Structure formats: C-alpha cells, structure tokens
Amino acid sequence: MQHLIRNIIVESPSKVGNLGLVTSAIGAAEGDIGDIKLIKSGPLTTVRDISVTCRDEVHLETVIANIEAIGNGVEIHAVTDDVLKAHEGGKIAMKSTIDVRSLGDLQRVYTPGVASVCLEIEKHPEQAKYFTSIGKSVAIVTDGTAILGLGNIGSVAGMPVMEGKSVLLDQFVGLSGVPILLDTSDPDQVVETVKHIHQGFGAILLEDIGSPHCFEIEERLKAELPIPVMHDDQHGTAVVTLAAVLNACRATGVDPTKATVGQIGLGAAGLAIVRMLLAYGVKDVYGIDRQPAAIERLHNYGGKSKESLEELMNDCDIIIATTGVEGLIKPEMVRKGQIILALSNPNPEIQPAEAIKAGAAFAADGRSVNNVVGFPGIFRGALDAEAKQITYPMLIAAAEAIVSHTRRGELIPTPLDPALHLVVARAVEEAAAKEKQSQ
C-alpha cells in the first residue's frame, strides 16, 4: 500500500486551543501529521497549512470530515497536493559552474582554449578526474522493475525517484547524479549498455532493479568495470540495517557477533543484509523465503535456512523482516528478549508497540531505517579515495560511522544532519585507503 500526502489549509478563530482541536480531529481519524506552517495570524482568525499522510483517498475523506465536524468557525479552505507541485518541471538540471560573461571567458571554457585540456587528458587519461566532472558524477541506473513499493512500473515512471537520488547526492555530498533510464531488463543488455557509457562517470549507482536479475547485473558490472558499482537497494539497505542492529544491540546489551540472527524475506534487501551481517562477523544467520532460488542463494552466500517462520522466530535472538507483508509476525511468535526490526514500509510485519507488549526487548519499524543515511556518504568516500570498487570493509566502516553519529535514544541519525554524510564519507575513504595499503 502506498500512502499519499496532502496539505490541508485550515482557518480557525484566533483562540487558544483551536489548533489542538484540529490536530486531535486528524489524530482521531488516524491521520499522520507532518509539517504545520503558519500562513496568517490575525486578530480574528489564523490560517495554517497542515501536511497529513493518509492511507488512501477514502482515509483522506475521513480526515477532512473530522475537521469539518469541529464547527465553531473552523473551516477548510483547500486540500492541495504539494508533492506534485514539488515535482513540476523536474527536480534537477545540469548547470554550469562557470559564468561566461566575456569573450575571454568563452575562449577559456570552449574553443580554442579547451583544446589544450583535451590534449592533456589524451596524454594523461587519469587527469579527466580533475579537469572534468567525471570524478564527481554518478550514473543512477534503473530498469524500473522495482520502484519503491510500486513494483514494475517502468523506468520513466521511476524517474522522480532517480531525480530524488540526484538531489540527495547534490545536497548532502556535492556529487552530480545523472539518471539513466533503461528500456530493457535483460542482464546482457543492461551490462553492455552501462559498460558503453561508464567512461563519463566516476561511479555507478544501480537503483530499483528487481530480483533476481539485480544480483547478476551488479556482480558482472563490479567484475568488468574499473569504477565503483553498488546496487543501493541491496547494499545501501544492508549498511543502514547493520547500523540499526548495532544500535539496538548497544541499547539492549547484546553482542551481535554472538547472537543468532533471523532474516525473514530473501529478496534483494534481505540477502544483502545476510551478507553484510556475515561480513561483520555474525556467525549464525538464518533466513526464510518462499522461493527455493532465494534459499539456494542464501546457502551460496554462507547463510543457513529454517523450515518455517515459527521455527525461525523461536530460535533467533535478532529478527529482521523485509517481506512487504503487513502483520506477518504475530504477537504470539515473539520470544521474550528478542530484538525485532520489521522494516517493510509503510506497513511493518509487526507494529513495534505490539512486539514490545509481546515481550521483545527492542522493536522498530522501517520508518527510520532509510538508505539516504548511507548511500551519499558511501559514494562520496569511494570517489574521494579513487577506489575501483566498493568493498565490505568500506560498507562496514560506513555502518560503524552511522553508529558513532547516533544520539542516545535514536535508532538511526536523521539524514538531514549534514555532518553525518561527511562522517560516513570520511570513514569509507579511510577504509578504502587501508585496503590499498594492504594490497
């Protein structure tokens, strides 16, 4: 289920308590309140713009009806879709970093001056990283087969997501993300296409490519290209999940390397989480999935399997779920003292409050386990280190950096903290440097 966000413009008498009446009405309808912006504050009335997340249009109508039922001068002026407005015209554009205001500027930026730079790069190809944008550019490649929770809706429909990734790379770490929309999901064609265009980029970010072909595509590109390649839905998710597990273990006094971990769901994210935990040093990682091919991949990566969900829930100390199935974990399955991370969005496999009530020592859903906490810094660190690939030591360094930047009481830091991304980038760069020295 994909939630919708609407902005409700509400006018109410300028009297103490009226905002509380409005927010209570929204809460009674189970609407999730976001930003509240003051539009007008007058002696008689106050106008506010209230962002509300609803399950669907029917749920939105219930929220609106609750507000209208308040009466006493409370009035809805408009319901707007600010998300669509934010995307009008797209969210990104290629911009010049140099002003051209004179003939001299033109001659330096373009012909004849640019010829000397071209010849320099011809003699020393590595200089392209310094004299062009290549060293700070990331290709964001998708075939549109696994766009968020929407599924296979095509790469063009997924363009808003790719633009969003570009915005985050730019805003958080100063990299240029360039969306590449493919009209094929054939692994051979995807690999060949990316190989033919890779020279214009410093790294390749694979995004929203479905399972199982995502595994083959990433593995082949990593083996055949001399630049970093990472499928964010796999390893970006795994990095942030590892950080969440480490923080949960810290809060509960559990040693993660000695704990038994159960992974429910072995798609792109689930298998990557298993591999990340094993690389970190967790000895016993079990998985479960309805697809035999997923179980086979689990075994190939060094994980173990359980016969049933009930057996996995009974035997494991830490439970991670990435199935997309709301309510899959029943309260009676929860073992006392477990750590449970039910990460499916927007509806987790079990609500954290239910898990805690059933005896879990720690429980969280996927709202705070967001890839944006990890991938910008990972790519910036890899490019700064001039790494040829993104390795597990680099990914683990990113997760540990996230943990070091997490405040007490948080599961994961806010992605809006600019210092976080610099900390992650530095940790990844240092890990890459250590690997170079040891080679």
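All values below were derived from every heavy atom in this structure, side-chain atoms included, with hydrogens, water molecules and symmetry-related copies excluded. What you see is a predicted model, and the numbers here were worked out from it, not measured in a lab.
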Between [Y] and [X], is the closest basic N to carboxylate O distance under 4.0 Å?
{"X": "Asp82", "Y": "Arg6", "answer": "no"}
{"X": "Glu216", "Y": "Arg220", "answer": "yes"}
{"X": "Asp365", "Y": "Arg367", "answer": "yes"}
{"X": "Glu192", "Y": "Lys195", "answer": "yes"}
{"X": "Glu11", "Y": "Arg48", "answer": "no"}
{"X": "Arg380", "Y": "Asp384", "answer": "yes"}

query: Can you list the residues that meet the side chain to side chain donor-acceptor pair (under 3.5 Å) rule with Ser166, with sequence neighbours excluded?
result: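 Ser166 satisfies side chain to side chain donor-acceptor pair (under 3.5 Å) with no residue once adjacent residues are dropped.
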
message: Going by the rule side chain to side chain donor-acceptor pair (under 3.5 Å), which residues pair with Thr257 if we only count those two or more places apart in sequence or in a different chain?
response: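 By the side chain to side chain donor-acceptor pair (under 3.5 Å) rule, Thr257 matches Asp255.
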
field: Thr322 vs Gln263, side-chain hydrogen bond (donor to acceptor under 3.5 Å, both in side chains): CA-CA, chis, key distance, verdict
entry: CA-CA 8 Å; Thr322 56; Gln263 170 63 44; 2.9 Å; yes

Between [X] and [Y] (side chain of the first, backbone of the second, donor and acceptor by atom type, cut-off under 3.5 Å), is there such a pair?
{"X": "Asp284", "Y": "Thr260", "answer": "no"}
{"X": "Asn370", "Y": "Val373", "answer": "no"}
{"X": "Glu218", "Y": "His231", "answer": "yes"}
{"X": "Thr142", "Y": "Glu207", "answer": "yes"}
{"X": "Asn66", "Y": "Ile26", "answer": "no"}
{"X": "Thr323", "Y": "Gly265", "answer": "no"}
{"X": "Ser308", "Y": "Glu311", "answer": "yes"}
{"X": "His198", "Y": "Leu221", "answer": "no"}

Exercise: do [X] and [Y] side chains pair donor with acceptor under 3.5 Å:
{"X": "Glu435", "Y": "Thr391", "result": "yes"}
{"X": "Ser14", "Y": "Thr46", "result": "yes"}
{"X": "Asp186", "Y": "His213", "result": "no"}

field: side-chain hydrogen bond (donor to acceptor under 3.5 Å, both in side chains) between Glu163 and His87, intermediate numbers included
entry: CA-CA 9 Å; Glu163 287 190 338; His87 289 254; 5.0 Å; no

Flag yes if more than 12 heavy atoms outside [X] fall under 6.0 Å of its [atom1] atom; otherwise flag no.
{"X": "Glu410", "atom1": "CD", "value": "yes"}
{"X": "Lys40", "atom1": "NZ", "value": "yes"}
{"X": "Glu307", "atom1": "CD", "value": "no"}
{"X": "Lys91", "atom1": "NZ", "value": "yes"}
{"X": "Asp183", "atom1": "CG", "value": "no"}

Looking at [atom1] of [X] and [atom2] of [Y], how far apart are the two atoms once the value is rounded to the nearest 0.5 Å?
{"X": "Leu343", "Y": "Glu349", "atom1": "CG", "atom2": "CD", "value": "7.0 Å"}
{"X": "Gln338", "Y": "Asn314", "atom1": "CD", "atom2": "CG", "value": "8.0 Å"}
{"X": "Met230", "Y": "Lys222", "atom1": "CE", "atom2": "NZ", "value": "9.5 Å"}
{"X": "Met276", "Y": "Leu395", "atom1": "CE", "atom2": "CG", "value": "4.0 Å"}
{"X": "Ile153", "Y": "Thr145", "atom1": "CD1", "atom2": "OG1", "value": "10.5 Å"}
{"X": "Ser51", "Y": "Asn7", "atom1": "OG", "atom2": "CG", "value": "4.5 Å"}

- prompt: So which of Lys306, Lys304, Arg335 actually passes salt bridge (charged side-chain N to carboxylate O under 4.0 Å, His left out) with Asp315?
  reply: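 Exactly one option meets the salt bridge (charged side-chain N to carboxylate O under 4.0 Å, His left out) with Asp315, and it is Lys306.
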
On a heavy-atom basis, which atom in [X] and which in [Y] lie closest, and how many Å separate them?
{"X": "Gly154", "Y": "Ile147", "result": "O-CG1, 4.2 Å"}
{"X": "Gly135", "Y": "Leu383", "result": "O-CD1, 3.7 Å"}
{"X": "Ala358", "Y": "Val334", "result": "CB-CB, 3.8 Å"}
{"X": "Pro256", "Y": "Val282", "result": "O-CG2, 3.5 Å"}
{"X": "Ala401", "Y": "Ala427", "result": "CB-CB, 3.7 Å"}
{"X": "Gly327", "Y": "Lys330", "result": "O-NZ, 2.9 Å"}

Find out whether [X] and [Y] are in side-chain contact, i.e. whether some heavy atom of one side chain is under 4.5 Å from a heavy atom of the other.
{"X": "Ser185", "Y": "Ile209", "result": "no"}
{"X": "Leu328", "Y": "Leu309", "result": "yes"}
{"X": "Val369", "Y": "Leu341", "result": "no"}
{"X": "Leu205", "Y": "Phe375", "result": "yes"}
{"X": "Val261", "Y": "Asp317", "result": "no"}

query: Is there a side-chain hydrogen bond (donor to acceptor under 3.5 Å, both in side chains) between Ser155 and Asp143 once you walk through the steps?
result: CA-CA 5 Å; Ser155 56; Asp143 67 350; over 6 Å; no

message: Show, in sequence, the C-alpha distance, side-chain angles and deciding distance for Asn247 and Arg250, and conclude whether the side-chain hydrogen bond (donor to acceptor under 3.5 Å, both in side chains) test is met.
response: CA-CA 5 Å; Asn247 278 328; Arg250 184 170 63 177; 2.8 Å; yes

message: For a side chain to side chain contact (heavy atoms under 4.5 Å, CB included) check, start with the C-alpha distance between Thr53 and Leu4, then their side-chain angles and the critical distance, and finish with the verdict.
response: CA-CA 6 Å; Thr53 301; Leu4 55 86; over 6 Å; no

task: Take Leu182 and Val190 through the test side chain to side chain contact (heavy atoms under 4.5 Å, CB included) and record every step on the way to the result.
output: CA-CA 8 Å; Leu182 302 178; Val190 172; 3.8 Å; yes

- prompt: Checking side chain to side chain contact (heavy atoms under 4.5 Å, CB included) for the pair Phe379/Val173: CA distance, chi angles, key distance, verdict?
  reply: CA-CA 9 Å; Phe379 275 91; Val173 294; over 6 Å; no

task: Measure up the His421 and Phe172 rings against each other and bin them: parallel (under 30°), tilted (30 to 60°), perpendicular (over 60°).
output: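 Ring orientation of His421 relative to Phe172: parallel.
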
- request: Take Met94 and Ser133 through the test side chain to side chain contact (heavy atoms under 4.5 Å, CB included) and record every step on the way to the result.
  value: CA-CA 11 Å; Met94 182 170 283; Ser133 61; over 6 Å; no

task: Show your working on salt bridge (charged side-chain N to carboxylate O under 4.0 Å, His left out) between Glu386 and Lys436 and close with a plain yes or no.
output: CA-CA 10 Å; Glu386 297 185 9; Lys436 282 184 181 179; 5.3 Å; no

